[in-house]
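Just so you know, these numbers use all the heavy atoms, side chains as well, and skip hydrogens, waters and symmetry mates.
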Amino acid sequence: MQFLNKFVQAMAILCGWGLLTLCALTFYDIVARRLLGHSIQGVDEIGGYMLATTASIGFGIALISRLHTRIDLILVRLPDPMQAMANTVAMIALAGFAVFMTEKAIGTVMETLEFGSVASTPLQTPLWIPQSVWLFGIALFAVIACAMAAHSIILLIRRDWTSANEHYGPPSLEEETEASLSAAAPAEIHLGDK
């Protein structure tokens, strides 16, 4: 899981740089239309591809960071073994859904390749290119979900209820508060000695 965590963090940073680049292109396109009388063709198309890419990679980032929405109204009132069982069932169901999504995404890319589909836009982008990046994000989500489901099953078999609930249960109120406070804390600035 350590390798997956580092890889997902690198993908998140890469997506962030991609979105910043898209913002710069959009800004230039707006200014160029107003002042120079020309436009970059396809910025909106590239934006759509970035949205699909960051969303699919974001599924895995949210999963590994325990950020997917969970309704825990009843879960927190259950004894630890039942919570661990429920969390493991949730992980198995999510892994199954992720594998199903990956299978459908592979079918979409294969169909695009079979027909040689291109975007009906000025860029005429061969659709297999953005769809392959989108497929990569969904497949990454499936790999993470399957690895986490397998780990939660192992913890359940070992009867390690505490670890299973800590790793695969929804974040506690204290964890969410701590994360919010650490995100809101100002960065420490070192000015040096005067």
- Task: Measure the spacing between CZ of F27 and CG of L25 and express it to the nearest 0.5 Å.
- Result: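 Atom-to-atom, F27:CZ and L25:CG are 12.0 Å apart.
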Results of side-chain contact (heavy atoms from CB on, under 4.5 Å) for [X] - residues two or more places apart only:
| X | answer |
| --- | --- |
| A164 | A84, L155 |
| A90 | R70 |
| A147 | M1, L4 |
| L22 | T26, V43, I46, M50 |

- With sequence neighbours left out, which residue pairs that include part of residues 72-100 fulfil the ring pair (Phe, Tyr, Trp, His ring centres under 6.0 Å) condition?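 Listed by first then second residue: nothing to list.
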- Only counting residues at least two apart or in another chain, list the ones meeting side chain to side chain donor-acceptor pair (under 3.5 Å) with H167.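 Applying side chain to side chain donor-acceptor pair (under 3.5 Å) to H167 gives none.
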- Query: Hey, is CD1 on I74 packed in by over 12 heavy atoms from elsewhere, all under 6.0 Å?
  - Reply: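 Count not over threshold, so no.
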- Query: With a cut-off of 6.0 Å (strictly less than), are more than 12 heavy atoms of other residues, nucleotides or ligands near CE of M101?
  - Reply: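 Above 12, so yes.
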Indicate, with yes or no, if [Y] and [X] share a hydrophobic cluster defined by side-chain heavy-atom contacts under 4.5 Å among Ile, Leu, Val, Met, Phe, Trp and Tyr.
| X | Y | value |
| --- | --- | --- |
| I13 | L20 | yes |
| L63 | V99 | no |
| M148 | I61 | yes |
| I144 | F7 | yes |
| M85 | I154 | no |

Under the side chain to side chain donor-acceptor pair (under 3.5 Å) rule, what pairs show up with a residue in [range], not counting sequence neighbours?
| range | result |
| --- | --- |
| residues 52-68 | R66-E175 |
| residues 30-52 | Y28-H38, D29-R33, D29-S39, R33-S39, E45-Y49, E45-T121, E45-T125 |
| residues 147-159 | H151-Y168 |

- Can N87 and E166 be said to form a side chain to side chain contact (heavy atoms under 4.5 Å, CB included), step by step? CA-CA 10 Å; N87 290 325; E166 283 177 6; over 6 Å; no
- Hydrophobic cluster partners of I157 (side-chain heavy atoms under 4.5 Å):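 Besides I157, the cluster holds I92, I153.
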In residues 75-83, what donor-acceptor pairs under 3.5 Å come from side-chain atoms, sequence neighbours left out?
from : atom 1 : to  : atom 2 : distance (Å)
R77  : NH1    : L73 : O      : 2.5
Q83  : NE2    : L75 : O      : 3.3
Q83  : NE2    : L78 : O      : 2.8

List the atom pairs, donor and acceptor, that lie under 3.5 Å between side-chain atoms in residues 126-143 and the rest of the protein, sequence neighbours left out.
from : atom 1 : to   : atom 2 : distance (Å)
Q131 : OE1    : T112 : OG1    : 2.5
Q131 : NE2    : T112 : OG1    : 3.4
S132 : OG     : W128 : O      : 2.6

